[in-house]
Amino acid sequence: MKQSYKNVIKVGIADLQFVESPNTIRTSGLGSCVGIILFDERLKLGGMAHIMLPDSKANRAKPCNRAKYADTAIDDLFHKLLEKKAATYRLKAKIAGGAQMFAYASSSDVMRIGERNIEAVKEKLSQLKIPIVAEDTGGNSGRTIEFDPEDASLMIRTVNKGVITI
């Protein structure tokens, strides 16, 4: 009798990883960062990125950590899932995070990083024509998320607010 073991694949900050059922994939410490999951339900396959910033054009470091930025991380998730035989028309997205972790008197664009991250993620997914089927974004609390490709569920644990599944 064959036993299957379930592993939890961890995604660090400014990192991206992939998962196939029966394993799950998790990232912690989503404050203003956004966790993006692209998945193909039929193949029970997915990828997760933990992005910190909206746009790689601001990057001055060479080489660039592509998983750090919404535009480049989503491109990499998309292309690597296609390499794994996912179909473009079956790809869907779930997103979480993008909180405003600190209150500022200024309404400076620099200070609303969570909101800018969410906007950049939605814009990039729209460009790639990938629908967002569920999201839990904004607010002012940190989150930990775990995606299960078996049923495409995303468990979200929010500080002081409990656990939901979307």
Side-chain angles (χ1 to χ4, degrees), residues 8-20 23-40 45-84 86 88 91-102 104 108-149 152-159 161 164-166:
V8 178
I9 297 164
K10 294 180 181 168
V11 179
I13 296 171
D15 185 19
L16 63 86
Q17 299 290 331
F18 297 88
V19 66
E20 291 180 48
N23 300 318
T24 62
I25 191 165
R26 176 190 309 153
T27 193
S28 303
L30 288 172
S32 61
C33 298
V34 175
I36 304 132
I37 300 94
L38 298 186
F39 61 97
D40 183 324
L45 167 72
M48 178 186 290
H50 181 142
I51 64 107
M52 296 175 64
L53 295 168
D55 189 350
S56 63
K57 291 180 186 94
N59 176 58
R60 293 191 182 129
K62 303 291 180 207
C64 172
N65 176 358
R66 295 177 55 85
K68 186 175 182 179
Y69 303 97
D71 57 338
T72 49
I74 293 171
D75 263 345
D76 289 356
L77 282 176
F78 178 76
H79 288 103
K80 288 180 183 176
L81 284 169
L82 295 184
E83 287 174 10
K84 295 176 181 283
T88 305
L91 286 179
K92 296 177 184 168
K94 292 187 178 186
I95 63 173
Q100 178 69 39
M101 297 302 291
F102 305 101
Y104 295 99
S108 166
D109 211 36
V110 174
M111 296 302 166
R112 51 177 209 89
I113 189 69
E115 192 176 320
R116 291 176 43 224
N117 281 337
I118 295 166
E119 291 168 3
V121 166
K122 288 181 175 181
E123 182 179 323
K124 186 65 184 180
L125 291 171
S126 175
Q127 288 172 5
L128 295 171
K129 299 184 179 4
I130 300 172
I132 298 172
V133 294
E135 72 176 285
D136 182 48
T137 57
N140 54 14
S141 298
R143 296 171 173 92
T144 294
I145 61 174
E146 185 169 331
F147 178 73
D148 186 343
S153 63
L154 181 64
M155 182 277 304
I156 303 167
R157 185 178 319 117
T158 305
V159 174
K161 293 187 178 174
I164 62 170
T165 301
I166 60 174

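Residues: numbered from 1 along the sequence shown. Not measured: the values here are computed from a predicted model.
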Show, in sequence, the C-alpha distance, side-chain angles and deciding distance for Ser126 and Lys124, and conclude whether the side chain to side chain contact (heavy atoms under 4.5 Å, CB included) test is met. CA-CA 5 Å; Ser126 175; Lys124 186 65 184 180; over 6 Å; no
Ile95 CD1 to Ile118 CD1 distance, which is reported to the nearest 0.5 Å: 6.5 Å
Among Arg143, Arg157, Lys161, the one residue meeting salt bridge (charged side-chain N to carboxylate O under 4.0 Å, His left out) with Asp136: Arg143
Under the ring-ring contact (aromatic ring centres under 6.0 Å, His included) definition, can you give me all pairs with a residue in residues 112-144, not counting sequence neighbours? none
Hey, mind stepping through Thr144 and Thr27 against side chain to side chain contact (heavy atoms under 4.5 Å, CB included) and telling me if it holds? CA-CA 6 Å; Thr144 294; Thr27 193; over 6 Å; no
Candidates Asp75, Thr72, Asp71 - the one meeting side-chain hydrogen bond (donor to acceptor under 3.5 Å, both in side chains) with Ser56: Asp71
Is any NZ, NE, NH1 or NH2 atom of the basic residue among Lys84 and Glu20 found under 4.0 Å from an Asp or Glu carboxylate oxygen of the other? no
Would Lys10 and Met48 satisfy side chain to side chain contact (heavy atoms under 4.5 Å, CB included), going step by step from the backbone distance to the final call? CA-CA 9 Å; Lys10 294 180 181 168; Met48 178 186 290; over 6 Å; no
Ring pair (Phe, Tyr, Trp, His ring centres under 6.0 Å) against Phe147, all qualifying residues, sequence neighbours excluded: Phe39
For Glu146 and Leu154: C-alpha separation, side-chain torsions, deciding distance, then whether side chain to side chain contact (heavy atoms under 4.5 Å, CB included) applies. CA-CA 6 Å; Glu146 185 169 331; Leu154 181 64; 5.8 Å; no
Tell me every residue that passes side-chain hydrogen bond (donor to acceptor under 3.5 Å, both in side chains) with Asp148, counting only those two or more places apart in sequence or in another chain. none
Within the side chain of Asn65, is there an N or O that forms a donor-acceptor pair under 3.5 Å with the backbone of Ala14? yes
Residues Ala99 and Ser141: closest non-hydrogen pair is CB-O, 3.6 Å
Distance check, rounded to the nearest 0.5 Å: Ile74 atom CD1 versus Ile51 atom CD1? 7.0 Å
Looking at every heavy atom in both Leu91 and Phe78, which two are closest together, and how far apart are they? CD1-CD1, 3.7 Å
How close do Cys33 and His50 get, heavy atom to heavy atom, and via which atoms? CB-NE2, 3.4 Å
Please report the shortest heavy-atom distance between Ile25 and Gln17, naming the atom on each side. CD1-O, 3.4 Å
For the backbone of Ser32 and the side chain of Asn117, can you confirm whether one donor and one acceptor N or O come within less than 3.5 Å of each other? yes
Checking the side chain of Asp15 only, and the main-chain atoms of Gly12 only, is there a donor and an acceptor separated by less than 3.5 Å? yes
